[in-house]
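For reference, the structure discussed in these notes is given below.
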There are 2 protein chains.
Amino acid sequence: MLVKETDQDTEKLIMETAKNIFFGEGRFNATTQEIADAAGVNRTLINYYFRSRDKLFEIVFEDAQRQEQELSEQILNTNLPLKEKLSQHLDNFFEQSKKYPYLEIYMVTQANQGCAFKDKDKMGPLLDKFYLEIALEMDKGNIEKMRPEQFVLNFISLMSFPISMRPLIQESMSLTKEYYDTLLSERKEIIIRTLFKQ
Amino acid sequence: MLVKETDQDTEKLIMETAKNIFFGEGRFNATTQEIADAAGVNRTLINYYFRSRDKLFEIVFEDAQRQEQELSEQILNTNLPLKEKLSQHLDNFFEQSKKYPYLEIYMVTQANQGCAFKDKDKMGPLLDKFYLEIALEMDKGNIEKMRPEQFVLNFISLMSFPISMRPLIQESMSLTKEYYDTLLSERKEIIIRTLFKQ
DNA sequence: TTTTGCATTGACAATTTTGTCAAACATAAA
DNA sequence: TTTATGTTTGACAAAATTGTCAATGCAAAA
């Protein structure tokens with residue numbers, strides 16, 4: 001076998017760089033040249049490894065999707081009480097968001113333009129179990145009564161929106177970068193307090 | 001004055017079409033040809049009226065910004081009690097969102113790429129007054145105690161996220177279009193109940 | 001009717017971006 | 001060292017996108 005130590009590295013490097021440009025910097029229509037420059041490689045290597053620009057995009061998109069999926073499945077599979085489960089997911093999410101704040105927006109713009117989603121199958125049963133848990137907490141009076149789906153919408157909204165829309169919110173509310181960071185650092189506690197009755 | 005009845009109409013038509021393509025359909029990198037085709041006009045008319053593609057984008061962006069701004073100022077200026085104020089804003093927002101579900105995402109992707117925001121000046125005092133109102137309701141015990149900015153974050157998150165991220169959420173939660181619409185129609189009441197103690 | 005001023009058009013040029021290819025390169029195996 | 005195999009490169013071609021321009025059209029004013 002002929003394997004240089006940089007062999008798969010270049011391919012990975014290009015992928016990582018593309019992910020950074022898309023999900024990290026939000027430059028969704030970066031050219032292959034820009035990606036190559038950022039990766040410090042020859043542009044045609046993108047064609048060599050990924051055949052075409054579209055293929056690279058496709059692969060990176062699927063990677064992002066998988067990443068999100070895994071994060072969701074992780075939380076759904078643990079056996080912690082609901083509040084702790086959500087608490088932990090908030091940690092995971094905020095951690096990932098530091099690296100890829102534009103991940104979700106990218107996925108929306110792509111999902112929109114006719115991009116097939118995968119692996120929705122396993123999610124079904126997991127979600128149903130999750131909904132049941134939520135309903136149980138409602139019965140116990142720990143959270144407001146509503147459709148479980150609404151509770152999930154509330155949760156992901158409170159969690160994601162301030163991250164994905166940061167540039168817009170920060171500007172329109174005239175907040176400094178530092179103050180916004182402060183707000184974000186308090187977010188976890190705020191979200192839990194907003195969703196759960198004391 | 002020589003004014004054909006279609007004179008300013010063409011310019012407006014192009015703008016409206018661009019707005020629909022960007023904010024309505026979310027096709028953020030539509031070409032001038034695609035916009036012209038959708039508007040049913042010759043492509044070069046875009047250059048004639050807007051000089052360049054970038055200028056058209058700029059104008060449409062500022063228009064979107066103004067639209068959002070006006071919606072925000074409207075709510076801040078009325079003298080209704082907080083809960084009614086937010087309630088009314090939710091109506092306005094959901095109404096506008098039907099036409100332009102991708103408006104906010106577009107603004108984020110632009111804000112990101114170095115786009116100057118305007119008219120932040122008047123917002124300052126209005127926001128401060130709003131924060132005071134919120135603090136007052138907290139003192140009265142009607143809403144959970146937190147920084148007013150956090151309350152505002154909560155509000156816009158719960159309001160905007162399910163709209164702007166719809167393609168992503170609907171897919172990943174495996175919901176039908178019809179069911180998602182049902183959820184959205186219940187949203188207003190859910191949000192108010194989530195933000196205010198009973 | 002003729003003129004005037006703007007609107008519209010198609011052909012063309014310029015630019016940007018992407019994709020191909022043969023040649024050069026590097027490294028492990030023979 | 002030579003060979004074989006996969007990697008990297010620059011030059012080139014192809015495609016896509018944008019911008020310019022002169023010519024034409026059209027309606028109101030002279």
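Order of the sequence lines fixes the chain letters, A, B, ..., with proteins taken first and strands second; residue numbering starts at 1 for each chain. Any value given below was found using the heavy atoms of this structure, including those in side chains, with hydrogens, waters and symmetry copies removed.
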Could you encode protein contacts along nucleotides 9-16 of chain C as a string, one character per nucleotide from 5' to 3', using B for base contact, S for sugar-phosphate-only contact and - for no contact, with a heavy-atom cut-off of under 4.0 Å? BBB-----
Phosphate oxygens OP1/OP2 of D/dT18: is one of them under 4.0 Å from a side-chain N or O of B/Ser52?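 No, B/Ser52 has no side-chain N/O under 4.0 Å of OP1/OP2 on D/dT18.
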Between A/Asp54 and A/Ser52: side-chain donor-acceptor atoms closer than 3.5 Å: no
Would you tell me whether A/Asp37 and A/Gln33 have side-chain atoms, one donor and one acceptor, within less than 3.5 Å of each other? yes
What's the [atom1]-[atom2] distance between [X] and [N], to the nearest Å?
X	N	atom1	atom2	answer
B/Ile35	D/dA16	CD1	C1'	15 Å
B/Arg53	D/dG19	CZ	P	8 Å
B/Leu56	D/dT17	CG	P	16 Å
A/Gln33	C/dG19	CD	C1'	13 Å
A/Phe50	C/dG19	CZ	P	13 Å
B/Asn29	C/dT18	CG	P	11 Å
A/Asn47	D/dA13	CG	P	17 Å
B/Asp37	D/dT17	CG	C1'	13 Å

Taking B/Arg66 first and then B/Glu70, would you say they form a salt bridge - that is, a charged N and a carboxylate O separated by under 4.0 Å?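 Salt bridge between B/Arg66 and B/Glu70, a charged N being under 4.0 Å from a carboxylate O: yes.
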Terminal helix-axis angle for the helix from C/dT1-D/dA30 to C/dA30-D/dT1, with five pairs defining each axis and rounding to 10 degrees: 10°
Distance-only donor-acceptor hits, side chain of residues 139-150 of chain A, under 3.5 Å, sequence neighbours excluded:
from	atom 1	to	atom 2	distance (Å)
A/Asp139	OD1	A/Lys145	NZ	3.3
A/Lys140	NZ	A/Glu137	OE2	3.3
A/Asn142	ND2	A/Glu137	OE1	2.8
A/Glu144	OE2	B/Arg193	NE	3.2
A/Arg147	NE	B/Glu186	OE1	3.0
A/Arg147	NE	B/Glu186	OE2	3.0
A/Arg147	NH1	B/Tyr179	OH	3.4
A/Arg147	NH2	B/Glu186	OE2	2.5
A/Glu149	OE1	B/Tyr179	OH	3.3
A/Glu149	OE2	B/Tyr179	OH	3.1
A/Gln150	OE1	B/Arg187	NE	3.2
A/Gln150	NE2	B/Leu183	O	2.9
A/Gln150	NE2	B/Glu186	OE1	3.1

Sequence neighbours excluded, every pair satisfying ring-ring contact (aromatic ring centres under 6.0 Å, His included) that has a member inside residues 22-48 of chain A: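 Every ring-ring contact (aromatic ring centres under 6.0 Å, His included) pair that includes a residue of residues 22-48 of chain A, provided the two are not neighbours, is A/Phe22-A/Phe57, A/Phe22-A/Tyr106, A/Phe23-A/Tyr100, A/Phe23-A/Tyr106, A/Phe28-A/Tyr106.
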Which residue pairs satisfy the side chain to side chain donor-acceptor pair (under 3.5 Å) criterion with at least one member in residues 75-85 of chain A, sequence neighbours excluded? A/Lys85-A/Glu133
Consider only side-chain heavy atoms of I, L, V, M, F, W and Y, link residues closer than 4.5 Å, and tell whether A/Phe196 and A/Met159 are in one cluster. yes
Give the cluster check for A/Ile192 versus A/Leu80: same hydrophobic cluster or not, with ILVMFWY residues linked at side-chain heavy-atom distances below 4.5 Å.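 As far as the 4.5 Å side-chain criterion goes, A/Leu80 and A/Ile192 are not connected within one cluster.
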Solution key, residues 86-99 of chain B side-chain donor-acceptor pairs under 3.5 Å, sequence neighbours excluded:
from	atom 1	to	atom 2	distance (Å)
B/Asp91	OD1	B/Lys188	NZ	3.2
B/Asp91	OD2	B/Lys188	NZ	3.0
B/Ser97	OG	B/Phe93	O	2.7

